[in-house]
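Structure first, commentary second.
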Amino acid sequence: MSKNIVIAIDGYSSCGKSTLAKALAKKLHFIYIDSGAMYRAVTLYFLRNNIPLDDHEAINTALRDIHLNFHSRDYQSHITLNEEEVSEEIRQMPVSELVSDVSAIKEVRVEMVRQQQRMGKSKNIIMDGRDIGTVVFPNADLKIFMTADPKIRAERRFNELKLKGEEVSMEEIFDNIAHRDFLDTTREESPLIRADDAIILDNTTIDQTEQLDFVMEYIKPLLTKTAI
Ligand code: DC
């Protein structure tokens with residue numbers, strides 16, 4: 001097989017990165033990796049085990065005890081934490097409220113980036129997150145930077161959670177998104193920034209099919225060049 005293809009999707013919280021990544025994975029038969037799920041699973045472990053976020057020794061010990069795995073089913077990415085399926089639990093508010101603080105910890109990032117780079121070594125993958133095109137795969141074949149109006153993002157997230165029967169207010173969601181944007185873009189360790197060579201996709205007013213068509217125009221030449 002010729003060189004594997006890596007597509008990096010970065011962007012703000014709740015702006016449709018995973019929806020686009022899953023649709024692309026399905027269309028291209030690539031593996032989808034949700035890097036945010038890894039930070040969320042670590043956060044869940046820290047919450048369950050009361051790991052103080054300023055205790056570096058406890059954090060390093062915890063990181064050695066955390067084993068994360070992805071299982072791909074129908075192009076959805078399911079994550080296990082020490083063999084327990086936690087894909088649902090990591091989306092709930094207690095994790096969402098703490099995950100930006102946990103993902104700002106250097107030791108956590110070093111370990112997650114190491115695992116992510118290993119996953120992209122030999123397979124065609126699509127990975128979404130905040131630092132995929134800048135830190136994890138600076139040589140990715142295609143980098144996409146996604147953004148959308150925060151109000152629209154909050155609305156989409158609200159509808160998603162409502163469908164799942166979670167009782168949260170729109171205000172709570174908007175505040176969480178605004179807070180996470182702030183933390184993700186201002187943290188010291190690999191803040192969310194657009195890589196110079198990333199294409200920008202603002203999906204405030206465009207639907208999923210239009211997004212897919214837009215990025216496919218950039219992907220097609222890669223497929224013919226690398227003949228997978
Ligand atoms: O994509 P998400 O909302 O599930 O990500 C959860 C949090 O994890 C987000 O607030 C920032 C962090 N994150 C990160 O710092 N780096 C990544 N590559 C992915 C997520």
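Everything numeric in this text was worked out from a predicted model, so none of it was measured. Both ligands and their constituent atoms are indexed starting at 1 by order of listing.
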Output the set of protein residues with a heavy-atom contact under 4.0 Å to ligand 1, ordered first by chain identifier and then by residue number. Ser35, Gly36, Tyr39, Arg40, Arg91, Val99, Ser100, Ser103, Arg109, Gly129, Arg130, Asp131, Ile132, Arg180, Asp184, Arg187
Here the side chain to side chain donor-acceptor pair (under 3.5 Å) pairs for residues 193-209, sequence neighbours left out, are Lys143-Asp197, Arg156-Asn203, Asp202-Thr204, Asn203-Gln211
Any ring pair (Phe, Tyr, Trp, His ring centres under 6.0 Å) pairs touching residues 191-217, not counting sequence neighbours? Phe214-Tyr218
Can you list every pair that meets ring pair (Phe, Tyr, Trp, His ring centres under 6.0 Å) and has a residue in residues 165-211, with sequence neighbours left out? none
Is a salt bridge present between Asp10 and Lys17, judged by a nitrogen-to-oxygen distance below 4.0 Å? no
Gap between atom CD1 of Ile31 and atom CG of Asn124 - 0.5 Å precision: 8.0 Å
Give the cluster check for Ile144 versus Ile126: same hydrophobic cluster or not, with ILVMFWY residues linked at side-chain heavy-atom distances below 4.5 Å. yes
